[in-house]
Number of protein chains: 2
Amino acid sequence: MRLAERIDLANAEAARRLTASRARWVDVRPLRDVVLDLGAYELTHGGPPLLWREMGGAQRGAVLAAVLYEGWARTPAEARGMLDRAEVSLRPNHHAGGVGTGAGVGSPTMPVCVLEERGVADRQGTLSWAPLAPAGIDAGAHDAATLARRRRWREALAPALGRAVAARGGLDVDAVVARALHMGDDLVHRTDASTALAVAALAPALTAAGLDGDALRELVDGLTEGEGFFGALALAAAKLACDGAQVEDSTVVTAMSRNGVRCGVRLAGTGERWFTAPAPTVKGRLRDGYDDADAGRDHGDSALAEAAGLGAFALAGAPALHALLGTRTADGLRVTRDMAEVTVARHPRYTLPALEFAGAPVGIDARRVLDTGILPVIGATIEHREAGHRPIGAGLTRFPRECFTAAIEHFADARGVR
Amino acid sequence: MRLAERIDLANAEAARRLTASRARWVDVRPLRDVVLDLGAYELTHGGPPLLWREMGGAQRGAVLAAVLYEGWARTPAEARGMLDRAEVSLRPNHHAGGVGTGAGVGSPTMPVCVLEERGVADRQGTLSWAPLAPAGIDAGAHDAATLARRRRWREALAPALGRAVAARGGLDVDAVVARALHMGDDLVHRTDASTALAVAALAPALTAAGLDGDALRELVDGLTEGEGFFGALALAAAKLACDGAQVEDSTVVTAMSRNGVRCGVRLAGTGERWFTAPAPTVKGRLRDGYDDADAGRDHGDSALAEAAGLGAFALAGAPALHALLGTRTADGLRVTRDMAEVTVARHPRYTLPALEFAGAPVGIDARRVLDTGILPVIGATIEHREAGHRPIGAGLTRFPRECFTAAIEHFADARGVR
């Protein structure tokens, strides 16, 4: 069989595995309980590997805050010293079986949502995770009030949430994602529907959380009042789906991520290697008082959602999001339609009513990206290039061509073709 | 001032009052606690006034079931006898300050959601109501299991829900409606988003309901698993909005309703009089095994939602609904655009992302309906013409021209013009 045919078959199988994945939220645990080989002084971060000294502002801030939250240092200067001396090690979330929203920094005692594979036959019980991201906690902040809030979640609220999730017997994340796509969520930048559905589903089990009325309100407010805690669950579900799609000879993208410096992709047929290029800066809608020159390079694991058919790939279903992105309804329809040109399947359960219930395009074929010149669109939060700012805006951007070129060159070389 | 100008000013004021309404859900009570002059053997029903002997199948079934539920008769034959001898009196919900979803039958001990006006200055504290419609209770069924479920709600679950609502300090129905319009609800036939938002908002207060874990799950399942209990709240909110829009000389529609035989409208400037015409039969998407000949005439109070800018008037925002109605995305956009031709305002808070955040068209001007020939579109559940069936389908229909002609003729006569 010619290589092109082998690739077609492998891509179909990768897409089949990707869309067969069904994630269930089963627990909330400290990260070190889930990543068993996590070092005592190790942090995880969004994006492909990078060094502390390379990090951009937003990620730098989140790493510093994590060192202080863990109590490894008492002052930012001390924390910086530890990092400068490499006394704290850093590992991509992706290399530890998880993903993170925003800067995506994880630390040993940070509560993470734990998801379990229930769909792909040979991966039953495989776990993924993403840090719980409640409202009112800015990942880059390390003032006393923020650190106290984070510790309150660690000590009381997150364990209580874990008890409620367990008491309910878990939550079918895949089913919530499918419903929320009919309710205006893209599952990355808009999670109003999925968050409400999840909290409503958990409501009867909250009595099992063992909290009094005020603490219960604090817990639910933390889940519902922020950017939407469900984004972490959707992203962790995408991690399970993409990790399960490793198929020899497939050119389907199984990871896309950015670390504030570089962005990188992985393919189903090229294993754990990242193919990177400089991360773009995103043009979009900025908050008042900021301009394009303030923007740092794109960062975060959220682009994995696009690889799983969510985020910008499902933008046709999320018209309310245009107010945030500075785009229009027609843009959303066009992006979803364009992405069908570079994907190998339509998701059988993730359907889009605005496109007469067509499935979300899923399974990016790196070959088609190069052949068509249509680069994958991703939604992106725009971060300030310096530490200490909240996100300054949001917009759409495209994953750079160089990543796909490098990946396909390597893929071809490994198979003795040019 | 010429009459036409007086009408224009009056209509602007009616629309201002309509859209100034902000309903808050404050309690769950037995109907007789809210309608203080309700007779000991009196039922309420959807639509304009009609007699027991006129009623179509679905409403007949719901009235019989209510007589049995109240324990006024032990058998359907006994219940029929009481109704035939007029020992049970009937009153439109609209004449008792309320509305009902589906057949819309209310009875003295039936739990109703109670809403309070918080927006229109001169109507602060005015109440409206709609019967709580939990999942698993078919209004027309009177088998022992259904009656037991209804009594379980009356004795235990509805009072508990009332305690939770009170413990929370009520729920801002207007705010939920506005958010749900960005999440694919039309608030009549699709209430997935509003239901989830409401249950999530109530979640922390559910501990105040005084139920154990199993009963709490029963309560929440009853709210979330059916057609969506929030439809009753949205409709009761529309009742407050429309009742508050009474303005002398206004031709704005303040009620549209159908009773399975006739449909009728009221105008802001014509008081409590109904202007009726035969109710249409609805063509739409039917469940397997049924055809158009099975359909009864349109019934129910839900068309009031359209008068308040919801339902089919907001169809552009509810693309997932087309699977139910047998229509397409483009139909939804067109219906909402067409309805702007016969309305006097855009709702300032009920915006539609798919139309670049334009407000929902609100305040139907009966003059414009006649001038343009564009009849108001409403969404409708299709009921079987005989009692004892669940709804057999759903579709769109139009309110008949005769109602508007009769209303405008009366309006003109009363003002000495022709």
Side-chain angles (χ1 to χ4, degrees), chain A residues 164 167-168 176 179-185 190-225 316-324 327-330 332-333 351-358, chain B residues 164 167-168 176 179-185 190-209 211-225 316-324 327-333 351-358:
Chain A
R168 194 186 179 277
V176 172
R179 279 191 74 189
L181 286 172
H182 289 202
M183 297 164 71
D185 277 10
R190 188 171 166 89
T191 53
D192 293 38
S194 48
T195 292
L197 288 170
V199 172
L202 281 177
L206 287 174
T207 48
L211 298 177
D212 66 23
D214 286 345
L216 210 50
R217 174 159 296 201
E218 198 182 347
L219 170 62
V220 171
D221 286 352
L223 301 182
T224 57
E225 290 191 348
L321 193 47
H322 297 299
L324 180 79
T327 43
R328 294 172 64 88
T329 302
L333 298 171
T351 61
L352 301 170
L355 295 178
E356 310 304 341
F357 299 91
Chain B
R168 195 187 179 278
V176 172
R179 279 192 75 189
L181 286 171
H182 288 202
M183 297 163 73
D185 277 9
R190 189 173 165 88
T191 53
D192 294 38
S194 48
T195 292
L197 289 169
V199 173
L202 281 176
L206 287 174
T207 48
L211 298 177
D212 66 23
D214 287 343
L216 210 51
R217 173 159 295 202
E218 199 183 345
L219 170 62
V220 171
D221 286 352
L223 300 182
T224 56
E225 290 191 348
L321 194 46
H322 298 299
L324 181 78
T327 45
R328 293 173 63 88
T329 304
D331 300 322
L333 298 171
T351 61
L352 301 170
L355 295 178
E356 310 304 341
F357 299 90

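Order of the sequence lines sets the chain letters (A, B, ...), proteins ahead of strands, with each chain counted from 1.
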State, to 0.1 Å, how close [X] and [Y] come at their nearest heavy-atom pair, and which atoms those are.
X       : Y       : answer
A203(B) : L206(A) : CB-CD1, 3.9 Å
F357(B) : A323(A) : CZ-CB, 3.7 Å
P204(B) : V220(A) : CG-CB, 3.6 Å
P353(A) : T329(B) : O-OG1, 3.2 Å

* Region of R190(B) in contact with chain A, defined by heavy-atom distances below 4.5 Å ->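 For R190(B), the contact with chain A is made by the side chain alone.
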* If you round to the nearest 0.5 Å, how far is CG of L211(A) from OG1 of T207(B)? ->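 Between T207(B) OG1 and L211(A) CG, I get 9.5 Å after rounding to 0.5 Å.
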* Output the option from R328(A), R168(A), H322(A) having the highest count of non-hydrogen pairs under 4.5 Å with chain B. =>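 Most heavy-atom pairs within the cutoff with chain B belong to R328(A).
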* Between L216(A), D212(A), L352(A), D185(A), which residue shows the highest count of heavy-atom pairs closer than 4.5 Å to chain B? ->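 Ranked by contacts with chain B, first place is L216(A).
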Which of [options] touches chain A most, by non-hydrogen pairs under 4.5 Å:
options                            : value
V199(B), T351(B), T195(B)          : V199(B)
A180(B), A354(B), A193(B)          : A354(B)
R179(B), E218(B), M183(B), R217(B) : M183(B)

